[in-house]
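Shown next, in structure tokens, is the structure this report addresses.
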Amino acid sequence: MTEQQLRLEVAGTINGWVGATKGSAKHLEILEIYNNHRPLARGYKVKVTDAYCATTVSAAYIKVGIAEYTGTECGVGEYVQDAQKRGIWVENDAHTPKIGDACVYDWDDNGKGDNTGAGDHIGIVTQVGNRSFVVTEGNMSGGKVGKRTMAINGRYIRGFICPDFAAIAAKMGGTKPTAPTAPAAPTAARSYTVKPGDTLGKIARENGTTVDDLVAINGIKNKNVIHVGQVIYLTPVAAACGKLAKLGVINSPDLWISNAESGKVEYLGALLVKAAEVITKAGTRTKTWEDGLAALVAAGVVNTPDYWKNNINTLPNLGALMCALGGAIK
């Protein structure tokens, strides 16, 4: 099992509990996984009536089989302390997490400087974009498991628990079968088509994001005006791919969204978003991916060409994407 497969398995596990409410079958499954694990953190058995955000994070790590490396807890503050002792705590609000890491919140954060307050809530990062990331969390408002979109370096971020997934995967030595691991990308909605009676507020609540994020991602001028049939993109990468497909620059937007979400090429999402910001129409594809890369560098879309040269063979058709983007930007 590779590092990325392991990260995606964690994301797929916690995403499988989305929709759980206190007392539901999924909620009871989370508690069973946590309470049956040994050692039981501080000897406390979590009750159905307890807050269970930290318990949900722990249960996901337990179910995937990596709890000995991540630690387990049912309290957020204690989870942070354990992560600090293990050397996997990142004390930086502006850190860009990876899929499988845990995000800790402090609801008293004033948004100024690095937050050093007490942790109030926690969830697992299940999707990462250029400017935001999605966190799947237990015990959200109403006691449910749901999703929240956070801006990179956004308010309320306390810090991150970042297990060394590469080292964990190596220690696991491929003993876990690769076939049943998580899909190529975490199961998360990427767009929503407006229906009668919808508002941006309703769409944001139902998809674990905020009105401000939807306005920014979709370039909406008046947040109070949307129309039936309008496509609302839920992530920056989805919006970028939607625009590029509409212009005729790419013809498989879902493929490139999935590729970006997979994390196999770390900066693919950023490339797509930046390209979409400056491309206004399709163009004649460059003859080689090197020419396409050069055009992107000249336009200021890419500032690390060596990275792309080293990763061009990581994904099928990445060279073709370079030709398409480079040709459209010339």
I122 and E73: CA distance, side-chain angles, deciding distance, side chain to side chain contact (heavy atoms under 4.5 Å, CB included) verdict = CA-CA 11 Å; I122 187 172; E73 253 300 342; over 6 Å; no
Look at the aromatic rings of Y52 and H27 and report parallel, tilted or perpendicular, splitting at 30° and 60°.
->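 Judged by the thresholds at 30° and 60°, the geometry between Y52 and H27 is tilted.
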I'd like to check [X] versus [Y] (side-chain heavy atoms, cut-off strictly below 4.5 Å). Are they in contact?
X: V265; Y: Y307; value: yes
X: V278; Y: I329; value: yes
X: V10; Y: I66; value: yes
X: C162; Y: H95; value: yes
X: I30; Y: W17; value: yes
X: I232; Y: S191; value: no
X: V64; Y: L6; value: yes
X: N303; Y: V297; value: no

In plain terms, say whether K287 and D291 are close enough for a salt bridge, that is, a side-chain N and a carboxylate O under 4.0 Å apart.
->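 D291 and K287: not salt-bridged.
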Note: K147-E206 ion pair, threshold 4.0 Å (strictly below) | no
For R155, look at atom CZ and say whether over 12 heavy atoms of other residues, nucleotides or ligands are found less than 6.0 Å away.
-> yes
Crowding at NZ, K223 (>12 non-hydrogen neighbours, <6.0 Å) | no
With the 4.5 Å side-chain cut-off for hydrophobic clustering, are [X] and [Y] part of the same group?
X: V125; Y: I217; result: no
X: M140; Y: V145; result: no
X: M150; Y: W107; result: yes
X: Y69; Y: L40; result: yes
X: Y233; Y: W256; result: no

Minimum-distance pair of heavy atoms, taken over all atoms of [X] and [Y]:
X: W289; Y: G319; result: CB-O, 3.5 Å
X: E137; Y: G123; result: CG-CA, 3.8 Å
X: S132; Y: I152; result: N-CG1, 3.7 Å
X: I62; Y: A67; result: CG1-CB, 3.7 Å
X: R86; Y: G71; result: NH2-CA, 3.4 Å
X: E29; Y: K63; result: OE2-NZ, 3.2 Å

To the nearest 0.5 Å, what is the distance between [atom1] ([X]) and [atom2] ([Y])?
X: D213; Y: L234; atom1: CG; atom2: CG; value: 10.5 Å
X: Q84; Y: W89; atom1: CD; atom2: CH2; value: 6.5 Å
X: N218; Y: I203; atom1: CG; atom2: CD1; value: 9.0 Å
X: I157; Y: D93; atom1: CD1; atom2: CG; value: 6.5 Å
X: I220; Y: Q230; atom1: CD1; atom2: CD; value: 5.5 Å
X: T2; Y: L8; atom1: OG1; atom2: CG; value: 8.0 Å

With sequence neighbours excluded, residues passing salt bridge (Lys or Arg N to Asp or Glu O under 4.0 Å) with E91 =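 E91: salt bridge (Lys or Arg N to Asp or Glu O under 4.0 Å) contacts with R158.
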Ignoring hydrogens and geometry, is there a side-chain-to-backbone donor-acceptor pair from [X] to [Y] under 3.5 Å?
X: D198; Y: K195; result: yes
X: D101; Y: K98; result: yes
X: T304; Y: D306; result: no
X: N311; Y: W308; result: no
X: T136; Y: N15; result: no
X: T149; Y: T209; result: no
X: K26; Y: G19; result: no
X: Y105; Y: G119; result: no
X: D106; Y: Y156; result: no
X: D164; Y: A167; result: yes

Show the numbers, then the answer: is there a side chain to side chain contact (heavy atoms under 4.5 Å, CB included) between V128 and T96?
-> CA-CA 8 Å; V128 180; T96 299; 4.2 Å; yes
Derivation of the side chain to side chain contact (heavy atoms under 4.5 Å, CB included) call for L325 and L296 | CA-CA 7 Å; L325 296 180; L296 291 167; 4.0 Å; yes
Stepwise, does the side chain to side chain contact (heavy atoms under 4.5 Å, CB included) test hold for H121 with V104?
-> CA-CA 6 Å; H121 190 60; V104 177; over 6 Å; no
Consider only side-chain N and O atoms of S258 and R190, and report whether a donor and an acceptor are under 3.5 Å apart.
->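 Present: a donor and an acceptor within the cut-off.
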Over-ring placement of R148 relative to F133, 6.0 Å and 45° cut-offs |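 No, R148 does not lie over the aromatic ring of F133.
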